[in-house]
Amino acid sequence: MCYHTRLSRKEAGGSRASIDTHMQEWIEIKGARTHNLKNISVRLPRDKLVVITGLSGSGKSSLAFDTIFAEGQRRYIESLSPYARQFISQMQKPDVDEIIGLSPAIAIDQKSRSNNPRSTVATITEIYDFLRILYARIGKAYCLEGDARIARLSLEEIRRIALDRVRTFLSDRQAADSKTKTVAGVPLDDAKLTVSAPVVVGRKGEYYQLLYDLLHKGFEEVVIDGKHFSLRERIELSRTKHHTIDAIVDEIPVAEWRVNEKAFLERLGEAVEMALNEASGLVRFTYPDGENEVLSSRFVCPTDGTPFPEIEPRLFSFNSPYGACPQCRGLGTTGFLQEEVCPVCRGKRLRPEALHVFLGGERKGEGLNIIDFTTLSIEDAQRYLLELPLTPKEREISHIVMKEILTRLQFMIDVGIGYLTLDRTAGTLSGGEAQRIRLASQLGSGLVGALYVLDEPTIGLHQRDNERLIQTLLALRDLGNTVIVVEHDEDTIRAADYLIDIGPGAGKHGGEVVVADFLDTLLKSKRNPAPQSRTVGYVRGELAIAVPERRRTRSLGELLVKGATVHNLRNVDVRVPLGKFVCITGVSGSGKSTLLYDVLYRNLSAGLEKRGAFCRYAHIASLEGIEHISRVVLVDQSPIGRTPRSNPATYTGAFTFIRELFAQTPEARARGWSASRFSFNVKGGRCEACQGNGVIAVEMHFLPTVFVTCDVCDGKRYLRDTLEARYRGKNIYDVLRMTVEEGLSFFSDIPQIYDRLKTLADTGLGYLELGQSATTLSGGEAQRLKIASELYRPHTQKTIYLLDEPTVGLHYDDVARLIAILQTLVDRGHTVVVIEHNLDLIKCADWIIDMGPEGGVGGGKIVAVGTPEQVARSGKGHTARYLARALGYS
């Protein structure tokens with residue numbers, strides 16, 4: 001009997017008012033049959049944090065994403081106009097009878113990650129859009145060649161600058177009282193302010209017509225290359241030399257300021273306006289003290305007259321032709337087959353003018369241009385903006401934009417990714433990092449009344465960062481949203497308001513609601529109200545993954561890496577004991593992946609490939625102990641194949657023996673068929689209409705590609721003749737539709753097939769179909785499939801296995817099974833090195849290498865090494881604190 005809350009008929013009926021109230025408080029799902037869900041009905045509270053958990057393959061994602069989210073998204077899309085719907089991916093109605101009380105749904109999963117080279121952390125979070133506005137409004141522009149500041153001033157600002165200089169001059173002159181003359185008792189000063197129009201600035205030419213036109217307009221004098229000329233005399237200029245020509249607009253005696261201030265201001269204003277009109281926005285003042293200054297009402301360099309483009313947000317966009325580098329078109333690299341850094345922008349992707357606008361600093365180069373700013377980490381960017389010196393005017397202009405940027409930066413720090421740089425490309429982010437970035441973006445939107453569905457947001461997070469993430473989820477809930485999280489993390493489960501456990505098993509053994517109730521009820525009951533739920537048992541502490549009775553002490557040698565220097569690792573020495581279960585721990589961004597991928601895997605691969613010959617190692621000074629191993633295997637979460645034809649049966653090699661079995665059937669032997677007849681990768685026995693895929697892709701232009709079942713083979717991938725060959729009553733298509741568990745029974749007397757399928761079942765993948773497309777497998781499933789393929793191989797070589805978070809997507813029971821498998825590999829004499837945050841796995845390791853102490857520039861160091869007990873008691877770093885709790889230390 002499944003333990004979950006049910007609606008009585010009285011609750012389901014009643015008055016209209018009671019129905020409205022019910023719809024506001026609960027989301028009710030009736031008759032869900034998506035994938036392996038067994039016609040389940042369940043309800044969950046609105047505006048709460050709901051965790052859906054269960055074994056891998058139990059149906060959690062089928063309920064959360066393929067049913068609840070899919071229906072919420074579909075209903076929202078249907079509410080749009082037909083014109084808008086043609087640009088949006090159409091979603092099929094999930095296999096469910098009814099869902100009541102559903103809000104517009106937003107999915108934040110780990111798969112929708114952009115690989116666009118233009119997409120970065122800053123662009124995904126819209127921070128870059130706000131930065132473009134910030135730089136356009138308060139950025140300081142400088143000449144490309146010199147150090148001159150380029151600023152656009154209003155007529156009033158230009159006049160005020162000139163007046164300030166005149167006042168200063170008169171004040172100094174009056175204090176000296178030496179050159180002041182009086183006529184009839186009136187102060188007289190022969191000093192003057194000259195206003196001129198720089199009509200030519202540093203350009204070659206004779207300019208005969210220009211000088212003639214100036215005379216015709218009423219100008220009397222010009223200053224050419226520093227010398228005064230009357231326009232009525234003959235002026236000859238060399239056409240091969242650079243010239244600067246100023247047309248003198250007016251020479252205003254400064255004494256007029258004392259006599260008639262109003263007249264002086266009017267005369268100055270008229271002269272400035274005339275100069276700006278004549279010189280395309282430039283005006284030169286020659287002050288009474290002999291100094292001169294060029295000011296501009298447009299973006300023009302006052303020194304050489306070079307025009308500067310309008311400083312607006314699009315100038316800083318590498319996605320816009322206006323702002324992108326003209327050489328590389330905003331990509332930062334050039335070349336077709338071999339990409340090289342663009343020689344014009346040097347990889348910065350923007351046109352030169354955009355790179356000469358700086359934020360902060362009083363002189364050119366003291367501040368940061370927008371690209372340099374994005375090289376900062378999220379934490380450093382926040383610090384830079386908070387410490388940025390701004391004038392009252394700049395503060396007023398930038399207040400709203402600055403608030404938007406700082407808010408988004410803080411949200412990303414809150415979800416534990418403050419170590420990422422803003423220019424980090426989307427394609428290099430892990431699934432968990434990409435998911436948390438989108439989560440931070442949603443928090444910044446301030447949306448209320450929505451339904452958020454998240455897929456294991458704690459992936460890649462240390463327990464320290466988990467606490468931040470959970471507070472973020474609670475904040476999203478407290479805004480007035482319903483938050484549904486598919487999760488196995490115990491801290492997240494304990495923070496939930498409501499728990500739904502799907503199971504009890506995986507695949508065909510799952511798909512049922514084991515528990516659906518408020519967490520307080522489940523935890524505070526004296527007796528377990530849901531004894532059939534393994535999840536509740538673990539959370540209540542009635543079940544636990546045991547700590548090994550002993551740690552391995554035997555020595556099979558060690559790897560000694562010296563001087564590792566790459567990313568945030570700085571001259572680090574690392575010792576990895578061989579023949580042991582080794583775990584690399586640390587907060588996000590501490591350098592774990594750098595150590596595993598860029599140091600260990602890269603150099604071990606190179607060293608083993610060139611064994612006995614000179615090997616040039618990367619990022620390290622030396623590597624010792626490589627003679628103790630014969631093979632290195634990286635078991636990551638990358639897909640096992642890029643095409644739908646790759647599946648568990650082909651990857652493990654079981655399909656080769658299955659095809660050979662079918663080639664020995666009476667039907668195949670009678671027709672002379674070989675094993676290749678039963679391959680869907682080559683012509684012969686496969687359906688050529690769909691080329692063995694079972695489906696045909698139909699391009700729909702504006703709409704998403706539609707995959708329709710092949711009408712020739714009816715989705716069975718093979719020709720009708722091929723399907724007539726049967727082994728124990730099953731044709732080749734029937735076998736591919738079997739689950740791993742079913743295959744174990746069916747091929748129990750065929751060791752070559754049984755052994756391979758047994759390892760899949762041992763790693764918790766018994767629910768997968770033998771012919772299930774590799775593109776439908778999660779990263780965790782792909783990784784366990786790779787581990788399984790290693791278990792049945794009788795390797796006599798000493799192998800070092802490198803794994804990256806193998807517990808991703810695993811329930812407590814699956815983690816226990818995984819630990820047993822990894823221990824088996826070590827018992828065979830191999831070495832297992834794992835990056836991990838799961839404390840149940842960490843506490844079962846023989847040796848720990850803890851990185852940190854923080855992420856990004858604050859990490860990259862070895863904080864602690866030793867057995868779990870030694871690290872826990874050391875008190876060093878964040879891992880020690882949580883590990884001590886997992887080991888039961890006070």
Side-chain angles (χ1 to χ4, degrees), residues 33-36 57 66 92 95 507-508 639-700 704-754 756-757 760 765-777 785:
R33 295 174 296 275
T34 307
H35 299 152
N36 66 331
D66 301 326
Q92 294 183 348
D95 191 2
K508 68 177 184 181
I640 62 170
R642 297 181 179 180
T643 68
R645 294 191 180 94
S646 182
N647 56 53
T650 58
Y651 187 80
T652 58
F655 197 51
T656 299
F657 299 100
I658 291 173
R659 290 189 292 110
E660 289 177 354
L661 275 180
F662 274 90
Q664 297 300 316
T665 60
E667 182 71 21
R669 294 177 68 179
R671 299 194 180 197
W673 291 341
S674 65
S676 63
R677 174 78 185 191
F678 302 94
S679 170
F680 42 72
N681 289 321
V682 296
K683 294 181 178 180
R686 71 179 185 183
C687 171
E688 288 304 319
C690 63
Q691 294 187 328
N693 288 315
V695 294
I696 297 175
V698 181
E699 298 294 336
M700 300 295 287
T705 300
V706 174
F707 292 92
V708 297
T709 301
C710 176
D711 56 0
V712 175
C713 65
D714 198 23
K716 294 186 177 181
R717 311 175 74 164
Y718 291 94
L719 298 175
R720 183 178 300 176
D721 290 348
T722 306
L723 295 177
E724 290 178 359
R726 294 180 177 270
Y727 177 77
R728 294 179 178 174
K730 304 285 187 180
N731 60 36
I732 190 72
Y733 173 72
D734 296 332
V735 169
L736 290 174
R737 290 293 302 274
M738 289 181 179
T739 64
V740 171
E741 279 188 344
E742 292 170 340
L744 276 175
S745 175
F746 189 75
F747 296 109
S748 59
D749 58 342
I750 312 295
Q752 297 94 330
I753 301 175
Y754 178 85
R756 287 165 168 76
L757 300 185
L760 291 177
L765 298 176
Y767 59 90
L768 294 181
E769 289 186 356
L770 297 180
Q772 185 170 334
S773 171
T775 58
T776 66
L777 301 178
L785 191 56

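Residues take their numbers from the sequence shown, with the count starting at 1.
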**Student:** Rounded at 0.5 Å granularity, tell me how far OG1 in Thr656 sits from CG in Leu661.
**Tutor:**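 The distance works out to 11.5 Å.
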
**Student:** Check the pair Asn731 / Tyr718 against side chain to side chain contact (heavy atoms under 4.5 Å, CB included), numbers first and verdict last.
**Tutor:** CA-CA 10 Å; Asn731 60 36; Tyr718 291 94; over 6 Å; no

**Student:** When you measure from the side chain of Arg728 to the backbone of Phe746, do you find a donor-acceptor pair of N or O atoms at a distance under 3.5 Å?
**Tutor:**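 Side chain of Arg728 to backbone of Phe746, a donor-acceptor pair under 3.5 Å: yes, one is there.
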
**Student:** Using every non-hydrogen atom in the two residues, find where Thr739 and Gly766 come nearest and quote the distance to one decimal.
**Tutor:**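 Closest heavy-atom pair between Thr739 and Gly766: CB-O, 3.7 Å.
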
**Student:** How far does OG1 of Thr652 sit from CG of Leu757, to the nearest 0.5 angstrom?
**Tutor:**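 So the OG1 of Thr652 and the CG of Leu757 are separated by 6.5 Å.
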
**Student:** Donor-acceptor check, side chain of Ser745 to backbone of Glu742, threshold 3.5 angstrom: yes or no?
**Tutor:**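 Answer holds: no.
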
**Student:** Assess the residue pair Val740 and Leu770 against the criterion (side chain to side chain contact (heavy atoms under 4.5 Å, CB included)); give the C-alpha distance rounded to whole Å, side-chain angles, the decisive distance to 0.1 Å, and a yes or no.
**Tutor:** CA-CA 6 Å; Val740 171; Leu770 297 180; 4.1 Å; yes

**Student:** Minimum heavy-atom separation for Pro648 and Gln772, please, with both atom names.
**Tutor:**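 Shortest heavy-atom separation between Pro648 and Gln772 comes out as CD-O, 3.1 Å.
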
**Student:** Is there a side chain to side chain contact (heavy atoms under 4.5 Å, CB included) between Thr722 and Tyr733 once you walk through the steps?
**Tutor:** CA-CA 10 Å; Thr722 306; Tyr733 173 72; over 6 Å; no

**Student:** Any idea which heavy atoms bring Ser676 and Ser674 closest together, and the distance?
**Tutor:**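 It is OG-OG, 2.9 Å.
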
**Student:** Output yes when Arg671 and Glu667 qualify as a salt bridge under the 4.0 Å nitrogen-oxygen rule, no when they do not.
**Tutor:**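 Yes, charged N to carboxylate O under 4.0 Å.
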
**Student:** Can you name the closest pair of heavy atoms from Ile640 and Leu785 and give their distance?
**Tutor:**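 Shortest heavy-atom contact: CD1-CD2, 3.2 Å.
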
**Student:** When you look at Glu688 and Arg686, which way does the salt bridge (charged side-chain N to carboxylate O under 4.0 Å, His left out) test go after all the steps?
**Tutor:** CA-CA 6 Å; Glu688 288 304 319; Arg686 71 179 185 183; 2.9 Å; yes

**Student:** Take Trp673 and Phe662 through the test side chain to side chain contact (heavy atoms under 4.5 Å, CB included) and record every step on the way to the result.
**Tutor:** CA-CA 9 Å; Trp673 291 341; Phe662 274 90; over 6 Å; no

**Student:** Which one of Phe655, Tyr727, Phe678, Phe747 satisfies the side-chain contact (heavy atoms from CB on, under 4.5 Å) criterion with Val735?
**Tutor:**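 Per the side-chain contact (heavy atoms from CB on, under 4.5 Å) rule, the option paired with Val735 is Phe747, out of Phe655, Tyr727, Phe678, Phe747.
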
**Student:** If you compare all heavy atoms of Ala663 against all heavy atoms of Ala675, which two are closest, and at what distance to 0.1 Å?
**Tutor:**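 The answer is CB-N, 3.7 Å.
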
**Student:** Locate the shortest heavy-atom distance separating Leu719 from Gly684; write the atom from each residue and the value.
**Tutor:**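 That closest heavy-atom pairing would be CD1-O, 3.5 Å.
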
